[in-house]
Asker: 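Just dropping this structure here.
Values in this document were obtained by computation on a predicted structure and should not be read as measured data.
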Amino acid sequence: MLEKGIKELHDELKSKKITSNELVKESIKACHDIQEKTNSFVTIIDDATGTEVTDDLLSGIPYGIKDIFSTKDILSTGSSNTLNNYVPFFDATCVANLKKHGAVGVAKTVLDELGMGGTGTTGHTGIVHNPWDLERQTAGSSAGSAASVACGVYPYALGSDTGDSVRKPAGYCGIVGYKPTYGMVSRYGMFQFASSLDTVGVLSRSVEDAAIVVDGMKGLDKHDMTTWDSSNIHLYESLNKDVKGKKLFYIKEICDIENYKNPSEELKEHLNNFKDTIKKCESVGISVEGVSIDRNLLNALYPTYMVIYGAEASSNMANLTGISFGPRGEGSTPDEMIKDHRTKGFSPLIKRRFVIGSFVLQRENQEKFFLNAKRVRRLIVDKMNSLFEKYDGMICPVGTGPAKYLDDSKNEHNKENTVLEEILQIGNFGGYPSITIPNGFINNLPVGVNITGKVKDDVNVLNMAYALEEEMGFKNQIAKEVK
């Protein structure tokens with residue numbers, strides 16, 4: 001039953017073939033069934049109960065919540081030891097909005113600690129395993145949300161996206177990952193990471209379900225000054241597959257195999273698969289053209305991202321001291337207690353990133369690092385905006401192939417591949433709507449393709465993905481490894 005999409009489940013509920021309470025209990029059991037193999041969850045909400053089924057498509061249907069979102073009276077850890085006993089007294093706005101629609105949260109999912117990571121391996125409860133191959137990563141940071149949706153334990157889960165944290169896990173797990181335009185969905189109640197980049201997103205198994213969920217979450221929020229009025233945007237109702245005349249571009253420097261000196265066989269297959277996807281775009285009426293972007297600008301993408309998010313993270317998370325909340329550190333003075341709390345509480349990866357952030361924010365370093373990074377970000381966004389004057393969006397492969405091994409010694413490391421691995425960060429730099437959908441398999445592992453469009457043009461971005469999804473035929477696929 002749970003492998004069905006939102007509309008199908010709603011029809012089952014309305015026709016009383018199953019009750020909301022039965023569906024919720026089935027979902028909770030399914031969560032327990034996959035937990036040992038995938039480690040998707042921080043908390044499974046065993047006492048969750050069904051809700052009244054109304055004409056609202058979301059009513060009575062279970063879903064997962066990334067543990068970066070506050071949930072009233074339910075443990076909310078950010079997958080960090082610094083918050084391992086934190087129980088909020090309020091719901092994040094996105095969770096509260098879904099609750100108003102009758103949706104039922106049944107699990108809090110594992111993430112890379114505080115959202116800072118792309119592997120699904122740094123959460124305080126352990127590594128998340130890819131359900132297509134348990135020796136592979138899910139990517140991150142929305143690791144548990146991606147893995148659990150791919151397993152079919154519920155139709156969707158909430159994620160957050162700061163660099164690609166919804167969209168790359170979607171690619172690795174063979175599902176849909178949608179990051180709306182910055183500010184479409186309130187971030188109130190989401191643990192802050194990098195405020196100028198963070199976006200609430202959703203992982204699902206179809207474009208249609210992603211549209212339904214974001215329709216249910218979005219809107220102005222007095223608690224988040226970056227939200228904007230999207231009341232005239234109706235994502236689900238606007239899906240019609242009419243994409244004739246739409247134009248996409250891809251970046252030649254990262255998508256044409258001849259631009260790589262030593263490409264792996266896997267990368268060759270991935271980019272050949274991408275070429276097939278372009279043909280499918282053209283078959284539904286979307287034209288696709290290659291464009292060139294200065295390689296120096298592309299190479300600056302990842303270091304610019306690292307500097308900006310390091311600076312913002314070190315500032316935002318300065319409140320994680322163990323004094324106001326979280327496990328109290330040991331020491332005879334407040335400074336000693338804070339040092340002990342942060343030394344014991346954070347993983348080595350997080351500590352490194354805080355060090356980088358603090359370093360680039362020092363007065364003597366700001367001009368050279370932080371301010372220059374912001375200038376480069378502006379150059380990247382200006383370039384994208386100029387391309388969006390001619391094109392409806394950018395299309396690109398997700399990463400350099402299927403999911404990486406958890407054992408990093410088995411992975412190929414090639415600096416040539418860095419830009420392609422990190423290209424989705426452009427979506428956060430400009431606040432653009434961006435969606436990943438599955439577009440095939442390499443070595444029996446799913447791979448994804450991404451479409452990114454202009455700010456507030458979510459309807460067009462989703463509709464192009466919707467038409468392409470239908471053409472490719474990977475909608476609602478379920479991972480089989482854990483079955």
Asker: Between K17 and D11, is there a salt bridge with N-O shorter than 4.0 Å?
Answerer: no
Asker: With rounding to the nearest 0.5 Å, note down the distance linking NZ in K168 to CD in Q425.
Answerer: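 Going from NZ on K168 over to CD on Q425, the span is 8.0 Å.
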Asker: Do D198 and T162 get their side chains close enough for a donor-acceptor pair, meaning under 3.5 Å?
Answerer: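 Yes, a side-chain donor-acceptor pair sits under 3.5 Å.
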Asker: Quick check on K14: does its NZ atom have over 12 non-hydrogen neighbours (other residues, nucleotides or ligands) under 6.0 Å away?
Answerer: yes
Asker: I'd like to know if the side chain of D112 pairs up with that of T122 as donor and acceptor (distance under 3.5 Å, no hydrogens or angles considered).
Answerer: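 The criterion, which ignores hydrogens and geometry beyond distance, is satisfied for T122 and D112.
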Asker: Looking at R353 and E113, does any basic side-chain N land under 4.0 Å from a carboxylate oxygen?
Answerer: no
Asker: Name the orientation class of the two ring planes belonging to F193 and Y309 (parallel below 30°, tilted from 30 to 60°, perpendicular beyond 60°).
Answerer: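 Plane angle over 60°, so perpendicular.
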Asker: Looking only at side-chain N and O atoms, does T400 offer a donor or acceptor that is under 3.5 Å from a partner on E421?
Answerer: yes
Asker: Report all side-chain donor-acceptor pairs from residues 86-94 shorter than 3.5 Å, counting only partners two or more places apart or in another chain.
Answerer:
from: D91; atom 1: OD1; to: K72; atom 2: N; distance (Å): 2.7
from: D91; atom 1: OD2; to: K99; atom 2: NZ; distance (Å): 2.6
from: T93; atom 1: OG1; to: D221; atom 2: OD2; distance (Å): 2.7

Asker: Tell me which pairs pass side-chain hydrogen bond (donor to acceptor under 3.5 Å, both in side chains) where either residue lies in residues 141-150, with sequence neighbours left out.
Answerer: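 Those involving residues 141-150 are K66-S141, K66-S142, T109-S145, S141-S165, S148-Y154.
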Asker: Quick one: CG on D215 to CG on L235, what's the gap to the nearest 0.5 Å?
Answerer: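 Output value for this atom pair is 4.5 Å.
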Asker: Could you pull out the closest heavy-atom pair between N85 and G326, with the gap in Å?
Answerer: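 Shortest heavy-atom contact: OD1-CA, 3.8 Å.
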Asker: Quick one: does N273's side chain get under 4.5 Å of F441's, heavy atoms only?
Answerer: no
Asker: Please check if the number of heavy atoms outside D407 that lie under 6.0 Å from its CG is greater than 12.
Answerer: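 Yes - once you tally the heavy atoms of other residues, nucleotides and ligands closer than 6.0 Å, there are more than 12.
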Asker: Is the closest side-chain donor-acceptor distance between R167 and T452 under 3.5 Å?
Answerer: no
Asker: Between atom CZ of R342 and atom CD1 of I350, what is the distance when rounded to the nearest 0.5 Å?
Answerer: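 These two atoms lie 10.5 Å from each other.
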Asker: Strictly by modelled atom types, are Y172 and K404 linked by a side-chain donor-acceptor pair under 3.5 Å?
Answerer: yes
Asker: Is I435 close to M464 at the side-chain level, that is, under 4.5 Å between some pair of heavy atoms?
Answerer: no
Asker: Taking everything shown except E330 itself, do over 12 heavy atoms lie less than 6.0 Å from its CD?
Answerer: no
Asker: State, yes or no, whether a side-chain contact exists between Y305 and L197 at a heavy-atom distance under 4.5 Å.
Answerer: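 Heavy-atom side-chain distance check passes, below 4.5 Å.
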Asker: Between D209 and R205, does at least one N-O distance fall below 4.0 Å, as a salt bridge requires?
Answerer: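 R205 and D209: not salt-bridged.
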Asker: Hydrogens and angles aside, do D56 and H101 bring a side-chain donor and acceptor to less than 3.5 Å of each other?
Answerer: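 Checked: D56/H101 side chains pair up, N/O donor to acceptor below 3.5 Å.
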Asker: Test I437 against every option in V207, N450, I175 by the side-chain contact (heavy atoms from CB on, under 4.5 Å) rule and name the one that passes.
Answerer: V207
Asker: Do N460 and D457 meet the criterion of a side-chain donor-acceptor pair at a distance under 3.5 Å?
Answerer: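 Side chains of N460 and D457: pair found under 3.5 Å.
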Asker: Could you tell me whether K280 and D276 have a side-chain N and a carboxylate O separated by less than 4.0 Å?
Answerer: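 No salt bridge links K280 with D276.
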Asker: Does a donor on one side chain and an acceptor on the other come within less than 3.5 Å for T43 and D67?
Answerer: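 Looking only at side-chain atoms, D67 and T43 do not form any donor-acceptor pair under 3.5 Å.
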